[in-house]
Amino acid sequence: MAWITKDSANARIDRRDEPYLSDAFKKSFDEKYAHRYPNRQALSLPILHAIQHEHNYLPYQALEEAAEFLGIGVSDLLDTATFYEEYFLEPKGKYTVWVCQSVSCEIMGEGDVTRAISDKLGIEPGETTADGKFTLMKVECIGACGGAPCALINEELAEDLTPENVLKRLDVLD
Amino acid sequence: MPLETPVLFKNIPTPPWGGFAERKYVDYDAYVKAGGYEALQKGIDDGGEAVLAEVKAAEVRGRGGAGFAAGMKWGFLPPADGEPRYLAINADESEPATFKDQILIQYDPHTVIEGIVLCMLACNLDTAYFYIRGEYHHHRDAFERAIQEAYDHKVFGENARTGKINDRWPRLFLHRGAGAYICGEETGLLESLEGKRGWPRIKPPFPAVAGAFARPTIINNVETLANVPYIVAHGADAWKRNGKGRPDGVPPHVPASFGTKLFGISGPVNRPGVYEENLGIPLKTLIEDYGMGLRDGEQPKAYFHGGISMGVVTQDEVERGVAMDFDIGKKWANLGLGTACVTVIPQRTSMVSMARNCARFYSHESCGQCTPCREGTTWTAKLLQRIEAGDGTTKDLDLLLELASSMGSMPGSTICGLADGNNWAIRTIVNKFFHEFEEKVSQSSSVSLAILNT
Ligand SMILES: Cc1cc2nc3c(=O)[nH]c(=O)nc-3n(C[C@H](O)[C@H](O)[C@H](O)COP(=O)(O)O)c2cc1C
Ligand code: SF4
Ligand code: FES
């Protein structure tokens with residue numbers, strides 16, 4: 001779990017003039033979700049998912065706007081955002097490869113699969129390729145143990161991986 | 001005796017009744033055609049109290065890991081006071097090696113949904129949240145589709161066929177998690193539902209009294225609720241014919257292992273997958289008849305029999321008759337049945353590396369609230385990394401066991417059960433395979449870098 005301490009005194013926050021959360025976005029978001037929960041803080045996870053879906057990560061300015069929109073403190077939203085592994089506060093690759101490293105996958109050869117990807121892309125787990133195309137993550141059980149070793153490539157499940165077939169799967173992505 | 005007809009997998013083709021390849025999404029119409037939502041109608045006709053009584057009579061125990069009787073939990077709710085009351089369905093399924101609920105979610109979501117409404121009816125709950133782990137993308141889409149179908153056919157929403165529950169039209173929403181094992185712990189789940197970090201709460205108050213948004217809340221696992229339609233439709237007695245009852249002469253307050261169970265099998269077997277069988281099936285039968293035995297050239301050494309948090313059973317114990325029921329913990333020195341998803345550990349795999357894998361998992365997933373868990377899991381992981389690298393000492397093994405046994409809600413040093421998982425996983429692996437650890441530390445290869453540097 002994340003214990004991120006931000007060096008807030010010196011950190012430069014990238015800002016842009018155009019808001020990340022447009023009025024149209026806010027309207028449709030509220031229509032879809034607001035009635036579901038008795039308070040607005042409970043909209044935190046849905047809104048973080050929505051922002052990340054749109055921008056592929058969570059820009060700090062977008063978090064500020066979202067917190068204001070929900071009527072909660074920015075620190076509260078940041079607290080939530082940093083706790084969960086799926087949320088990225090830095091840009092990540094166009095494709096994120098989430099390799100499962102839990103027991104069934106390790107037994108079935110996850111180590112060789114990860115090494116093959118790592119060698120091919122020239123990055124270690126947790127890193128993103130210089131061209132911004134791939135991010136490699138090692139994660140815990142993704143609930144597809146029958147097809148171990150397995151990985152998620154963005155939202156697509158890839159099962160029964162070998163060092164060879166996983167590279168083929170990455171090759172066809174553009 | 002093998003299971004004659006599937007209960008939970010009635011609509012999901014599974015060997016020996018069907019093949020995995022035939023599995024497909026069962027939509028509302030297909031579900032109704034197969035007799036679906038008849039139990040709901042019966043529940044509506046008989047009333048919520050009758051549903052509650054039937055679930056209590058069935059003695060169905062929670063399928064999420066702890067095995068707590070669902071009917072009893074439902075009975076803890078305070079009387080209605082006019083304010084909202086919630087159901088949270090636990091579809092977080094993040095225990096390593098566990099992949100059973102996802103089959104129900106993606107192929108037969110209406111069985112789960114029917115169980116949900118029946119629970120809402122029995123417990124007088126107006127709003128349900130289906131908390132699904134963030135990584136279940138395809139499953140999320142399937143379940144969203146089923147929810148929409150359910151609203152379209154007046155299972156939920158205005159003018160729902162149940163009428164108002166707790167003075168409100170019943171509602172079901174999906175809530176997506178974002179990658180945190182601890183949100184499977186029931187109060188971590190509630191915090192996450194409320195939009196906060198998933199920090200488990202100190203109990204009491206229990207969720208039945210003050211849960212989601214400080215209101216009475218029932219939390220059940222997906223598979224637990226999926227049993228409810230059958231219980232309501234056919235009665236508790238019919239449901240209890242499956243599984244393992246109480247031996248003769250055992251008093252009725254002693255919990256038993258009634259019903260069928262979903263069992264996952266993964267690791268080097270010929271046919272990994274999720275199967276349904278009677279509780280009480282020997283683990284050996286499960287592996288041989290359903291997993292179709294180990295792959296060529298592989299020999300079994302041990303098993304994680306219910307996710308890693310329950311610990312391991314050895315091949316020798318399995319030969320002596322380990323049965324997959326709620327008494328497995330007492331009989332074979334482990335934490336319990338857990339999720340009943342089995343990982344086969346072959347001879348070629350080092351138990352030191354399995355322990356290291358488990359410890360890394362817990363140290364990564366510890367939410368950080370309790371010192372023994374936060375520091376202890378990390379320390380354990382580092383120790384095991386060192387031992388695996390051939391740089392451990394015999395004293396490290398004592399330390400490892402002492403660390404493991406001191407943490408958890410059962411020793412009373414932590415808030416939640418995550419630390420108990422670390423406790424049991426590490427302790428059972430080290431104790432049952434002490435020779436592997438001893439061997440590793442006695443032939444300590446390298447001289448410690450720390451020593452070299454001084
Ligand atoms: C660390 C931890 C993780 C858990 N993860 C899950 C999970 O992913 N799914 C689940 O159903 N129960 C999980 N549980 C158990 C729940 O806390 C709770 O007991 C269960 O959801 C209750 O439902 P049941 O009685 O129907 O089994 C977890 C417990 C702990 C301590
Ligand atoms: S035991 Fe561990 S995971 Fe559970 S509340 Fe304490 S620190 Fe968090
Ligand atoms: S252990 Fe890898 S998907 Fe479950």
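What you see below is based on every heavy atom in this structure, not just the backbone, and it leaves out hydrogens, waters and symmetry mates.
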Ranked by heavy-atom pairs below 4.5 Å to chain A, first place among B:L193, B:D101, B:T127, B:V274 goes to B:L193
Is any side-chain heavy atom of B:R176 less than 4.5 Å from a side-chain heavy atom of A:L45? no
When the 4.5 angstrom heavy-atom criterion is applied to B:T349 and chain A, the contacting part is side chain
Decide yes or no for A:P46 and B:F173: does some side-chain heavy atom of the first lie under 4.5 Å from some side-chain heavy atom of the second? no
Are A:E85 and B:E365 close enough, and set up right, to give a side-chain contact (heavy atoms from CB on, under 4.5 Å), and what steps lead you there? CA-CA 10 Å; A:E85 190 152 348; B:E365 299 295 340; 4.2 Å; yes
Would you say NE2 of A:H35 has more than 12 non-hydrogen atoms from neighbouring residues, nucleotides or ligands within 6.0 angstrom? yes
Return the option, out of B:P346, B:G198, B:S94, with the maximum number of heavy-atom pairs under 4.5 Å with chain A. B:G198
If one checks every heavy atom of A:I107 against chain B at 4.5 Å, the contacting part turns out to be both
Would you mind checking which part of A:N154 comes under 4.5 Å of any heavy atom in chain B, side chain (CB onward), backbone (N, CA, C, O), both or neither? backbone
Quick check on B:F213 against chain A: is it the side chain, the backbone, both or neither that has a heavy atom closer than 4.5 Å? side chain
Check each atom of B:L174 against the heavy atoms of chain A and say whether the ones under 4.5 Å are side chain, backbone, both or neither. backbone
Say whether, by atom type as modelled, one donor and one acceptor occur between the side chain of A:T80 and the main chain of B:G195 under 3.5 angstrom. yes
Donor-acceptor contact below 3.5 Å, side chain B:H175 vs main chain A:A42: no
Strictly distance-based, threshold 3.5 Å: is any side-chain N or O of B:Y181 a donor or acceptor partner for the main-chain N or O of A:C141? no
Taking all non-hydrogen atoms of both residues into account, name the closest pair between B:T343 and A:V103 and its distance. OG1-CG2, 4.2 Å
In terms of heavy-atom proximity below 4.5 Å to chain A, should B:C341 be classed as side chain, backbone, both, or neither? neither
Walk me through whether A:E155 and B:R140 qualify under salt bridge (charged side-chain N to carboxylate O under 4.0 Å, His left out). CA-CA 11 Å; A:E155 300 198 348; B:R140 186 170 68 236; 3.7 Å; yes
Evaluate the side-chain proximity of B:E194 to A:N39: yes if any heavy-atom separation is below 4.5 Å, no if none is. no
Counting C-beta onward and ignoring hydrogens, is there a side-chain heavy-atom pair between A:E156 and B:H137 closer than 4.5 Å? no
Just give me the residue among B:R271, B:R348, B:H139, B:E93 that pairs up with chain A most often, heavy atom to heavy atom, under 4.5 Å. B:R348
Heavy-atom pairs under 4.5 Å with chain B, option from A:Y37, A:Y87, A:W98 with the top count: A:Y37
Max heavy-atom pair count under 4.5 Å with chain A, selected residue of B:A178, B:G177, B:S266: B:A178
Name the member of A:S104, A:A148, A:A144, A:S44 that forms the most heavy-atom pairs with chain B at distances under 4.5 Å. A:S104
Closest heavy-atom contact between B:K196 and A:Y84? O-OH, 2.6 Å
For each of A:P149, A:G146, A:C145, tally heavy-atom pairs with chain B at distances under 4.5 Å, and name the one with the top tally. A:C145
Residue, of B:R171, B:H138, B:R133, that accumulates the most heavy atom pairs under 4.5 Å with chain A: B:R133
Closest heavy-atom pair and its distance - A:G143, B:Y136: CA-OH, 3.5 Å
Checked A:E106, A:H49, A:M108 vs chain B; the most non-hydrogen pairs under 4.5 Å come from A:H49
The interface call for B:E95 against chain A, heavy-atom contacts under 4.5 Å, is backbone
